[in-house]
Colleague: 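This is the structure, below, for whatever I ask next.
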Amino acid sequence: MSAGTLYDKVWQLHQVAELADGATQLFIGLHLIHEVTSPQAFAGLKELNLQVRHPERTVATVDHIVPTSSQARPFTDPLAEEMLATLERNCSENGITLHGLGSGRQGIVHVIAPELGLTQPGMTVACGDSHTSTHGAFGAIAFGIGTSQVRDVLASQSLAMAKLKVRRIWVDGSLQAGVYAKDLVLHIIRLLGVQKGVGYAHEFAGPAIDALSMEERMTICNMAIEGGARCGYVNPDATTFTYLKNREYAPSGEAWGRAVAWWSQLASGSDALFDDEVVVDASNIAPTVTWGISPGQGVGVDEMIPTLEQIAEEERPLAEEAYRYMDLQAGAAIAGTPVDVCFIGSCTNGRLSDLRAAAAVAKGGQVAAGIKAFVVPGSEQVARAAEQEGLDQLFRAAGFEWREPGCSMCLAMNPDRLEGRQISASSSNRNFKGRQGSANGRTLLMSPAMVAAAAIRGCVTDVRTLLNK
């Protein structure tokens, strides 16, 4: 195994050729597809009279357009029904495994691949979805790609890519009670901004990262893209191996021991050279909430919304735009901001540990009058596990709606949408204008536990006050 960073090692292992323009033809070990970015890609293959090169390395599910209140077929939305039927047909014609509705394996693509053991250390992973960086939590190098690149991977099982620089984000200390991986990554994006990662892969390391569970690491890597990085990853370790052991697609028997021995060699060595390094202290991070229209516009729940004078000059135009759009007052406390809708779910925070954290806050409480609060498991497996623990009944007793798995009110390509100027407490990953389905809707990003606290109190609330009740 070569020396250097994990990124360098994985890149070298998957390099097919150096191209004339200086880019690399990179082999893709796992290609994940869904119903939104694949139809045009398959159509492109047919136009070029090409076949899927390695159907056994492509795995499909349906997530973005599925309704979460009822998944009975046909869908009431004819376009959504057509998109799902097209995916089913394309997978059938090309011999691609599809984890469809009711299969027991359906869910958000970035949730099901890890839980099935498809995502493994040392892999290259691609998907027509920007949050493919999630899979880097396993020591994989994972890229979100566009529709034309989905076609290219289907046809050649490779991508033409320029190699990235690598920045190590070293996180010292440990997170306090009531502070979660979502708070940590929002804090990092706040510190670095949304452009600092452009041209980089981010390696997340240090004591605070080592202490995270696999699901928490997925949250961190999921949002690496929101800091501008093309991918984010964590070096594989005992936590990684424990998570993967006995999963459906993970190595088994004698192959398991060989796999762990090989995976262990992938971690960045003590000799690894990084193009940049940032050190963050996790011990003083508070539960974090976004106040603006970019994931980098966030504050601790115990802080005030920054005034223009507190913001770097080059970021002031975006801040002024955010003040106007969000209708929030500079210098005011973020705590106490009223909300209308509370959404727990998404590929960032729709896993079992996320639902447990939110349920611990909701237990014994009641959703505030006038608040719409709902929980959307990230997959059928997550839903089944949560229901076995009684989390669905706990949420229902507190006044939350319990939904079927899907992307739901993240990109809102389904019936789950904000209306008008509603403001949402969301465990999702983006707070862009119109992101959650309404052209005028407003989004406050926070952890699932913080969303549950907002639902109970009807406003942005420091979850630590409820956990200590």
Side-chain angles (χ1 to χ4, degrees), residues 107-108 110-111 114-115 134 137 174-187 208-209 211-223 239 243 282 285-290 298 300-301 339 342-367 373-379 381-403 405 408-410 424-429 444-457 460-469:
I108 304 173
H110 308 312
V111 175
E115 71 185 10
T134 305
S174 59
L175 297 174
Q176 300 176 26
V179 182
Y180 303 88
K182 181 64 160 290
D183 303 303
L184 172 56
V185 72
L186 285 173
H187 179 78
I209 299 297
L212 298 177
S213 69
M214 282 309 303
E215 295 192 351
E216 291 171 313
R217 294 177 187 187
M218 283 185 255
T219 294
I220 297 288
C221 292
N222 175 277
M223 292 195 66
T239 300
Y243 178 95
I285 296 174
T288 300
V289 183
T290 61
V301 69
V339 298
C342 295
F343 164 55
I344 297 170
S346 84
C347 63
T348 310
N349 285 126
R351 298 177 178 83
L352 184 59
S353 60
D354 299 311
L355 305 192
R356 287 171 175 160
V361 177
K363 185 176 182 179
Q366 191 65 36
V367 171
F374 61 110
V375 181
V376 185
S379 71
Q381 284 196 23
V382 170
R384 187 163 57 245
E387 288 163 0
Q388 288 173 350
E389 293 184 14
L391 299 185
D392 60 325
Q393 295 303 319
L394 188 155
F395 280 118
R396 287 191 176 106
F400 291 78
E401 297 177 37
W402 180 258
R403 298 291 191 83
S408 188
M409 194 188 286
C410 176
S424 164
S426 175
S427 69
S428 185
N429 41 51
L444 306 175
L445 300 178
M446 59 190 77
S447 73
M450 283 285 288
V451 175
I456 299 299
R457 292 284 176 83
V460 175
T461 299
D462 189 336
V463 67
R464 294 173 295 188
T465 63
L466 291 178
L467 291 173
N468 295 328
K469 61 188 176 183

Colleague: Can you give me the closest heavy-atom contact between L467 and G178, atom names plus distance?
Modeller: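 Of all heavy-atom pairs spanning L467 and G178, the closest is CD1-CA, 3.7 Å.
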Colleague: Should I344 and F374 count as side-chain neighbours, where that means a heavy-atom distance under 4.5 Å?
Modeller: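 Not touching, per the 4.5 Å side-chain cut-off.
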Colleague: Could you check whether any side-chain N or O of D183 sits under 3.5 Å from a backbone N or O of T288, counting only pairs where one atom can act as donor and the other as acceptor?
Modeller: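 Looks like yes, one N/O pair under 3.5 Å.
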Colleague: Between E216 and S213, does the side chain to side chain donor-acceptor pair (under 3.5 Å) criterion hold? Intermediate values first, please.
Modeller: CA-CA 5 Å; E216 291 171 313; S213 69; 3.2 Å; yes
Colleague: Not counting sequence neighbours, which residues clear side-chain hydrogen bond (donor to acceptor under 3.5 Å, both in side chains) with Q381? List them please.
Modeller: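 Once residues adjacent in sequence are excluded, Q381 has no partner under the side-chain hydrogen bond (donor to acceptor under 3.5 Å, both in side chains) criterion.
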Colleague: From S424 OG over to F343 CZ, what is the distance, rounded to the nearest 0.5 angstrom?
Modeller: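 Nearest 0.5 Å value for the OG-CZ distance: 8.0 Å.
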Colleague: Compare every heavy atom of V376 with every heavy atom of S408, then report the nearest pair and how far apart it is.
Modeller: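 Scanning both residues, the minimum pair turns out to be OG-CG2, 3.4 Å.
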Colleague: Can any side-chain N or O of S447 pair as donor or acceptor with the backbone N or O of K182 at less than 3.5 Å?
Modeller: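 No, because the side chain of S447 does not come within donor-acceptor range (under 3.5 Å) of the backbone of K182.
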Colleague: Can you run down the salt bridge (Lys or Arg N to Asp or Glu O under 4.0 Å) pairs that involve residues 391-401, sequence neighbours left out, and say none if there aren't any?
Modeller: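 Listed by first then second residue: D392-R396, E401-R403.
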Colleague: Would a distance-only check, ignoring hydrogens and angles, find a side-chain to backbone donor-acceptor pair under 3.5 Å from S379 to V111?
Modeller: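 No; judged by distance alone, with no hydrogens or angles, the pair does not exist.
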Colleague: If you round to the nearest 0.5 Å, how far is OG1 of T219 from CG of D354?
Modeller: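 The OG1 atom of T219 is 5.0 Å from CG of D354, to the nearest 0.5 Å.
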Colleague: If you take all heavy atoms of L445 and S428, which pair is closest and at what distance?
Modeller: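 Distance-wise, the nearest heavy atoms are CD2-O, 3.6 Å.
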Colleague: Could you check if a side-chain atom of V361 sits within less than 4.5 angstrom of a side-chain atom of M450, using non-hydrogen atoms only?
Modeller: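 A side-chain contact under 4.5 Å is absent here.
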Colleague: Not counting sequence neighbours, which residues clear side-chain contact (heavy atoms from CB on, under 4.5 Å) with C347? List them please.
Modeller: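 Checked C347 against side-chain contact (heavy atoms from CB on, under 4.5 Å); matches are I108, H110, H131, N222, N429.
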Colleague: What pairs with F400 under ring pair (Phe, Tyr, Trp, His ring centres under 6.0 Å), at least two apart in sequence or on another chain?
Modeller: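 F400 satisfies ring pair (Phe, Tyr, Trp, His ring centres under 6.0 Å) with F395 once adjacent residues are dropped.
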Colleague: Do R464 and P287 make a side-chain contact, defined as non-hydrogen atoms from C-beta onward lying under 4.5 Å apart?
Modeller: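 Yes - at least one pair of side-chain heavy atoms lies under 4.5 Å apart.
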Colleague: Run the side-chain hydrogen bond (donor to acceptor under 3.5 Å, both in side chains) test against S174 and tell me which residues pass, sequence neighbours left out.
Modeller: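 Checked S174 against side-chain hydrogen bond (donor to acceptor under 3.5 Å, both in side chains); zero matches.
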Colleague: For the residue pair G300 and A286, what are the closest heavy atoms and their distance?
Modeller: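 Reported closest heavy-atom pair: CA-CB, 4.3 Å.
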Colleague: Measure the shortest side-chain to side-chain distance between P114 and M218 over non-hydrogen atoms and say whether it is less than 4.5 angstrom.
Modeller: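 Of all side-chain heavy-atom pairs linking M218 with P114, at least one is under 4.5 Å.
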Colleague: Minimum heavy-atom separation for C221 to A137, with atom names?
Modeller: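 Nearest pair, atom of C221 first, then A137: SG-N, 3.5 Å.
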Colleague: Using side-chain heavy atoms (C-beta onward) and a distance below 4.5 Å, is L444 in contact with V460?
Modeller: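 Yes, side chains in contact.
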Colleague: A side-chain contact here means heavy atoms from C-beta on lying under 4.5 Å apart; do I456 and T461 qualify?
Modeller: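 Answer no - side chains too far apart.
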Colleague: Would you say the side chain of L184 lies within less than 4.5 Å of the side chain of I220, judging by non-hydrogen atoms?
Modeller: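 Of all side-chain heavy-atom pairs linking L184 with I220, at least one is under 4.5 Å.
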Colleague: Look at the side chain of R217 and the backbone N and O of L212, then say whether any donor-acceptor pair between them is shorter than 3.5 Å.
Modeller: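 Answer holds: yes.
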Colleague: On a heavy-atom basis, which atom in A181 and which in L175 lie closest, and how many Å separate them?
Modeller: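 Nearest pair, atom of A181 first, then L175: N-CD1, 4.2 Å.
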Colleague: Within the side chain of S346, is there an N or O that forms a donor-acceptor pair under 3.5 Å with the backbone of C410?
Modeller: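 Flag not set: sc S346 to bb C410 has no pair under 3.5 Å.
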Colleague: Determine whether a donor-acceptor pair (N or O, by modelled atom type, separation under 3.5 Å) exists between the side chain of E215 and the backbone of S353.
Modeller: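 A pair under 3.5 Å: yes.
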Colleague: Sequence neighbours left out, cut at 3.5 Å: what donor-acceptor pairs do the side chains of residues 383-391 make with other protein atoms?
Modeller:
| from | atom 1 | to | atom 2 | distance (Å) |
| --- | --- | --- | --- | --- |
| E387 | OE2 | W402 | NE1 | 3.0 |
| E389 | OE1 | R356 | NE | 3.1 |
| E389 | OE2 | R356 | NE | 3.2 |
| E389 | OE2 | R356 | NH2 | 2.5 |

Colleague: Any side-chain heavy atom of M214 sitting closer than 4.5 Å to one from T239?
Modeller: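 When only atoms from C-beta onward are counted, T239 and M214 do touch, with a gap below 4.5 Å.
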